[in-house]
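First the proteins, then the strands, lettered A, B, ... as listed; each starts at 1. Predicted model only: the values in this text are computed from it and were never measured.
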Amino acid sequence: MVDHDAVTHVASLARVNLDDEEVEQFAAQFDDILSYFETLDSVPEVESDEELENVFRPDEVCDGLTQEEALQNAPETEDGYFEGPTVS
Amino acid sequence: MSETNAFITRTDIESDDSGPLDGQTVAVKDNISTKGVRTTCGSAMLEEYVPPYDATVVSKLKDAGATIVGKTNMDEFGMGTTTETSAFGATENPAAPGRVPGGSSGGSAAAVAAGEADLALGSDTGGSVRCPAAFCGVVGIKPTYGLVSRYGLVAYANSLEQIGPIAPTVESAAQLLEVIAGDDSHDATTRETDATYADAADGDVDGLTVGVPTELVDGADDAVVEQFEATLDSLCEQGAETVEVSLPSVETAVQAYYVIAMSEASSNLARFDGVRYGPDTEAEGNWNDSFAAVREEGFGEEVKRRILLGTYALSAGYHDKYYKKAQDARAWVRQDFAEAFESADVIASPTMPVAPFERGESLDDPLQMYLADANTVPANLANLPAISVPAGETEEGPVGLQLVGEAFDERTIIRTASAAE
């Protein structure tokens, strides 16, 4: 059973604010969706050996984005840095 | 805004180079980065975002002589089956007016179906190229995982998604696949290939075995199945034979797909914090408050729903119950396909079990919308190539035939699809 508190808790873990209407709607829908997901309990054990190989390349210096390019989409910058909110 | 609303941004990026796409116009899904041209992912979060670099597939289009005519509408961050979750409005289905074009690459398929572009690129995480191709009556290919570079594709669920072509014919889709395929030092999951694809569209299915899994046919609407079976009959008249195959694992494929995709999304979309890009909000408070406020404003309902469900599935106490089980289900799907390919060259089903929905029909019930992906998600879970090719129409709109092939055997599904055209 997913109640309002559970939705609010997950929303805070995911750092997404929700309004009251969304909390109510999600609580109702999540019950349906999660009980559907619970049918995964019936999945048998299978061998899951994948034939995968790591792909390596030489560690060579090459051009990346310039500082200007990296900052061009930021809402706020200062002295060539991203400007964010206070940390604590 | 055109009547179709296939494009979020129109462009006229002409190429200085000459190649196999000379004179061809291509529409590019708006989650594929284009240098200097905004790339929104259909989201208010990225309404003003202008990438400082081209995706590898975009560089390849330019090298091949193509003209890029616009960035196409899509479900927000690829999360949807109707293109209705876009922050830029719904897209019309040119092949079935009043109905959705499918999704999430609905703008790309609609642009091709309406003749607003010769070809298009979409991305397919759980059917997002094949579904709109089926609903709009055009051809779409989901390549084998690793055939096409994902560099510059804004990630939704990395372990599942591939960029793929949408085109009016199998041969032109195969031609576009040939242009975008190949290894890329920016995407370590790609691998080298010198395969050609356009020449595989020769219509020769003599002696080919087509496997038909009852699990993916039984759940489909009668009118859809009727068109599907007529198309199989036509393949048999051309020398193919059909065999029944069994894929019991598909019963939990949708659940596995959504748990994995939502979990990956909850992690991938953490980057949208309003610092490096995103809307400038006036939120007060510390980092967490500001982060949560930007995400409330920038994300639409479906994106919030998937981020929250993904966060839930990965949270302490639930990881083993959902995420780990979903990985087991994924391995089971892969094993089932491997067994099916012991008796069949390709595996056929309707691409979508239903005709295109009426617009607005599915918005209220997310679970019903997720279930519509039943036939497309298995190929993503198994990393296999799949194509959707038009297979007649019902009164409600076009039907697609889906053909799934063995890993890196795009040529066989292209050949089979070309015989079904």
Applying a strict 4.5 Å limit to non-hydrogen atoms, the region of A:L65 in contact with chain B is side chain
If one checks every heavy atom of A:T66 against chain B at 4.5 Å, the contacting part turns out to be neither
**Prompt:** Which atoms form the tightest heavy-atom contact between A:T86 and B:G285, and what is the distance?
**Reply:**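 So the two residues come closest at OG1-O, 3.8 Å.
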- Item | Shortest non-hydrogen separation from B:E296 to A:L18 and the atoms involved |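 Smallest interatomic distance, heavy atoms only, reads OE2-C, 4.0 Å.
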Among [options], which residue has the highest count of heavy-atom pairs closer than 4.5 Å to chain A?
options                        : result
B:Y322, B:F291, B:F299         : B:Y322
B:D280, B:L269, B:D273         : B:D280
B:E251, B:R191, B:K304         : B:K304
B:K325, B:K321, B:R276, B:E297 : B:R276

In terms of heavy-atom pairs under 4.5 Å, which option from [options] contacts chain B the most?
options                    : result
A:F26, A:Y36, A:F56, A:F82 : A:Y36
A:E45, A:R57, A:E38, A:E68 : A:E38
A:V10, A:V43, A:I33, A:L40 : A:L40

#### Entry: Verdict with reasoning, A:F30 to B:Y312, per side-chain contact (heavy atoms from CB on, under 4.5 Å)
CA-CA 10 Å; A:F30 286 9; B:Y312 187 88; over 6 Å; no
Original post:
Does A:Q72 use its side chain to pair, donor to acceptor, with the backbone of B:V50 at less than 3.5 Å?
Top reply: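 Yes: the side chain of A:Q72 pairs with the backbone of B:V50.
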Ignoring hydrogens and geometry, is there a side-chain-to-backbone donor-acceptor pair from B:R295 to A:A14 under 3.5 Å? yes
For this session: Apply side-chain contact (heavy atoms from CB on, under 4.5 Å) to A:V46 and B:D328, showing your working.
Result: CA-CA 7 Å; A:V46 293; B:D328 288 344; 5.7 Å; no
Assess the side chains of [X] and [Y]: does a donor N or O sit below 3.5 Å from an acceptor N or O?
X     : Y      : answer
A:Q25 : B:E301 : yes
A:R15 : B:N288 : yes
B:Y53 : A:E69  : no

The single option from B:V294, B:T311, B:L308 that satisfies side-chain contact (heavy atoms from CB on, under 4.5 Å) with A:V16 is B:L308
Which is it for A:L34 and B:L309 under the side-chain contact (heavy atoms from CB on, under 4.5 Å) test, yes or no, and what are the steps along the way?
-> CA-CA 8 Å; A:L34 291 168; B:L309 284 164; 4.1 Å; yes
Honestly, the part of B:T252 sitting under 4.5 Å from a heavy atom of chain A is both
